[in-house]
Amino acid sequence: MFDSGFGGLTVARAVLDLLPTEHLVYVGDTGRYPWGPRPLGEVRDFARQITRFLLHHHGVKCVVVACNTASAAALDALRAEVDVPVLGVIEPGVRALVSATRNGRVGVIATVGTVASGAYQRAMAATGADVELTCAACPGFVEFVERGETTSDQVHVLAERLLAPVCRAGVDALLLGCTHYPFLARTISDVVGRDVVLVSSADETAFELEALLRATGLARAVAAGGASHRFLSSGDVAWFESLGRQMLGPELGPVEAVSWAR
Ligand code: DGL
């Protein structure tokens, strides 16, 4: 599983809870975050590089792209290029969003790269659901999360400005279309109102992973012994360990450094 940084830990949490017998290797590419403002081609190259690393150095049986920006940029390419199943977070999130709305007006907030890619607009159209979708990019949110600043006045002021389009659209369900955003759920909910359901793709992605492992016979047997959980960061390892543990919980043990060949 990989993300640009801490965001994918929201997906990791859901996977650890649902699939406690599976081994997990998590790469947070904090040395190169944020990915959201970068050209999609560059994010695709990062995603390819990390996927190859997970396959060749860790022998993974399945890759979860725990990042919306990378899912938008690279999911199709990765699926065509590697021999193991590759899961993204966009389709699972859209499914959860469609089932959460009552008034048919839904919102997606995500990084600039994800919104500009049109991936959510396409995934929503593919469901055939009769809903009105409003998308809003939220530049700056990821940086607040990476600093561990999730409820400050500054993030609140930024949220009021960035969430204005979805508030105006009268959505009753809002998808947190960046895996970092669940860490800002309290601030986001304060701004959009408690009656708007906040949807995260983390649980839905974990359910999809469970179904896939079962269907392909790749699930690990309970009797096979304890599962290992490894966390790697390309940035400040001590910071990843301290903030990551607060975000994910005690499964986040010593963090290993990873660096990319140039
Ligand atoms: N967590 C990521 C996402 O879901 C990427 C955020 C970023 O690095 O900008 O889009």
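Every number for a ligand or one of its atoms is a count from 1 in the order of the listing.
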Give a table of atom pairs where an N or O of ligand 1 lies under 3.5 Å from a protein N or O.
unit_1	atom_1	unit_2	atom_2	d
ligand 1	1 (N)	Asp3	OD1	2.9
ligand 1	1 (N)	Thr179	OG1	2.9
ligand 1	1 (N)	His180	ND1	2.7
ligand 1	4 (O)	Asn68	N	2.8
ligand 1	4 (O)	Asn68	ND2	3.1
ligand 1	4 (O)	Thr179	N	2.8
ligand 1	4 (O)	Thr179	OG1	3.3
ligand 1	8 (O)	Ser4	OG	2.6
ligand 1	8 (O)	Trp35	N	2.7
ligand 1	9 (O)	Trp35	N	3.2
ligand 1	9 (O)	Gly36	N	2.7
ligand 1	10 (O)	Thr69	N	3.1
ligand 1	10 (O)	Thr69	OG1	2.6

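A donor-acceptor distance shorter than 3.5 angstrom exists from the side chain of Glu241 to the backbone of Val255, with no hydrogens or angles considered.
A cation-pi arrangement is absent between Arg230 and Tyr26 under the rule of less than 6.0 angstrom and at most 45 degrees off the ring axis.
Between the side chains of Ser234 and Asp29, a donor-acceptor pair is found at a separation under 3.5 Å. Donor-acceptor pairing under 3.5 Å is lacking for the side chains of Thr179 and Thr10.
Listed by first then second residue, pairs satisfying ring pair (Phe, Tyr, Trp, His ring centres under 6.0 Å) with a partner in residues 54-78 read Phe53-His57, Phe53-His58, not counting sequence neighbours.
Put simply, CG on Asp172 and CZ on Arg105 are 7.5 Å apart, with the number rounded to the nearest 0.5 Å.
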